[in-house]
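I have placed the structure first, in the form of structure tokens, so that the comments after it can refer back to it.
In listed order, ligands and their atoms are each counted from 1. Side chains included, hydrogens not; waters and symmetry mates left out as well; all remaining heavy atoms used. Along the sequence shown, the residues carry numbers beginning at 1.
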Amino acid sequence: MSGKIVPATAETIARAADALRAGALVGFPTETVYGLGADATNDRAVAAIFAAKGRPRFNPLIAHLPDADAAFALVVADARAVKLARRFWPGPLTLVSKRRAEAKVSLLASAGLDTLAVRVPDHKVALDLLRVVARPLAGPSANPSGRASPTTAAHVAEGLGEAVELILDGGPCRVGLESTVLDLTRRNAVLLRPGGATREAIEAEIGAVGLADDDDEVAPRSPGRLAMHYAPTLPLRMGAEAVRPGEALLGFGATAGATLNLSPAGDLVEAAANLFAMLRALDRAPHTGIAVAPIPAHGLGLAINDRLKRAAKR
Ligand code: TXA
Ligand code: MG
């Protein structure tokens, strides 16, 4: 497994960029922790991240960019975002803003939300890789779900060696703690995850910052900011064997008469890759509801069913 660790050089960074463009996963260093990188514009590559980490849920991922201009081409930057970018980027601050309609980032990367998390990492290898690959990289911490975040290339090999094409070794991470995640989508900025950039330093730039737990809008949905999720406007029904009048049918595998099919071949990675885009496509007139065929409850099927359950519950 450790054979996949390569010292980061111009040559190995070019190799990593080629692998990423081809849809593979790559371990890469940042100043905070090592990331599990995938081309954020490629639905299947993003689905492979969730499969590799074994996450029971589709948490939205951070899009990594080489500079603020590239980041703000994907999200709408207000005055606060511009100020914070000037002060903290490159660095351990992730900004959640409204996603631009034209942003080509996979809907799965932002878990179907209208928002997107962006960050410019402060690490030469990460920045070189981002410039060479010239695509936003989705990058959760490169550890299996439930395990500690990796701060060396060897940690990545231990946990996810099977899943990655290669691991760029940039030495131990300087910060060793994930980035601070700040939600700028509402009038009051909210700290979603404390991290490498302190609340005090952020407040010095933009004034008072709320904590997710004591924010009125968020608190009723606690515990966990995980409650935040994409929900279609039409009612959704799971485990559907047949459609009712007015319903669109989202199929899986051999579903007969599906309006759209998540994966005719019954491949859960393909189904995850298509999930949010297909839900959005069906969530409109003339349909009056969305019926979803049964999805197996193993592998990525767990995360798919988790999302559908939340969407069905409202
Ligand atoms: O330091 C870091 O941020 C590392 C390195 C690799 O960059 N990455 C990282 O990613 O920690 P991850 O996926 O483990 O954590 C991303 C966090 C999660 O808490 C997620 O819920 C939040 O960011 N997040 C991402 N997109 C979001 C969105 N659209 N709205 C709200 N929260 C979001
Ligand atoms: Mg993590």
Handout entry: Those atoms of ligand 1 less than 4.0 Å from some heavy atom in I62
Key = 3 (O), 8 (N), 9 (C), 10 (O), 16 (C)
Practice task
Would you mind checking if R44 and D267 are paired as a salt bridge, meaning a charged N to carboxylate O distance below 4.0 Å?
Solution key: yes
Exercise for the section: Using non-hydrogen atoms of the residue, decide whether G139 is closer than 4.0 angstrom to ligand 1. Expected result: yes
Handout entry: ligand 1 contact by E31, heavy-atom criterion under 4.0 angstrom
Key = no
Completion exercise
Taking every heavy atom of T32 against every heavy atom of V175, the minimum-distance pair comes out as CA-CB, 3.9 Å
Completion exercise
Of all heavy-atom pairs linking A14 and V132, the shortest is CA-CG1, 4.4 Å
Handout entry: Ligand-residue contact atoms, ligand 1 with G35, heavy atoms, under 4.0 Å
Key = 6 (C)
Handout entry: S179-ligand 1 polar pair, N/O distance under 3.5 Å
Key = yes
Handout entry: Geometric N/O contact R119 with ligand 1, under 3.5 angstrom
Key = yes
Exercise for the section: From the options I167, L166, V6, L129, select the one residue that forms a side-chain contact (heavy atoms from CB on, under 4.5 Å) with T12. Expected result: V6
Handout entry: Sidechain N-carboxylate O distance under 4.0 Å for D43, K104
Key = no
Problem - Environment of the Mg ion (ligand 2) in terms of protein N/O/S atoms, cut-off under 2.8 Å - result: S141 OG
Handout entry: Residues D18 and R21 bridged, charged N to O under 4.0 Å
Key = yes
Handout entry: Side-chain donor-acceptor contact under 3.5 Å, S179 with T94
Key = yes
Handout entry: E165: salt bridge (Lys or Arg N to Asp or Glu O under 4.0 Å) partners, not counting sequence neighbours
Key = none
Practice task
Using distance alone, decide if ligand 1 has a nitrogen or oxygen within less than 3.5 Å of any nitrogen or oxygen in Y34.
Solution key: no
Practice task
Would you please determine whether T115 falls within less than 4.0 Å of ligand 1 on a heavy-atom basis?
Solution key: yes
Practice task
Decide whether an N or O pair under 3.5 Å exists between E178 and ligand 1.
Solution key: no
Practice task
Examine S110 against ligand 1 and note whether any of their N/O atoms are separated by less than 3.5 Å.
Solution key: no
Practice task
Could you tell me whether ligand 1 has any atom less than 4.0 Å away from a heavy atom of S141?
Solution key: yes
Practice task
Check whether any heavy atom of H64 sits under 4.0 Å from an atom of ligand 1.
Solution key: yes
Exercise for the section: Before accepting this row, confirm whether a basic side-chain N of the pair R280/D283 lies closer than 4.0 Å to the acidic partner's carboxylate O. Expected result: no
Practice task
Using a strict cut-off of less than 4.0 Å between a Lys/Arg side-chain nitrogen and an Asp/Glu carboxylate oxygen, indicate whether D122 and R174 qualify as a salt bridge.
Solution key: yes
Handout entry: T30-ligand 1 polar pair, N/O distance under 3.5 Å
Key = no
Problem - The one among V96, V181, L182 that brings a heavy atom closest to atom 28 (C) of ligand 1 - result: V96
Handout entry: Residues E247 and T288: side-chain donor-acceptor under 3.5 angstrom
Key = no
Exercise for the section: Please state whether the rings of H64 and F28 are parallel, tilted or perpendicular, taking 30° and 60° as the class boundaries. Expected result: perpendicular
Practice task
May I ask you to say whether R99 pairs ionically with D114, meaning some side-chain N is under 4.0 Å from a carboxylate O?
Solution key: no
Problem - Enumerated ligand 1 atoms positioned under 4.0 Å from heavy atoms of L192 - result: 31 (C), 32 (N)
Exercise for the section: Consider only side-chain N and O atoms of R119 and T30, and report whether a donor and an acceptor are under 3.5 Å apart. Expected result: yes
Fill in the blank from the handout: Per-atom filter on ligand 1: closer than 4.0 angstrom to a heavy atom of T32 are 1 (O), 2 (C), 4 (C), 5 (C)
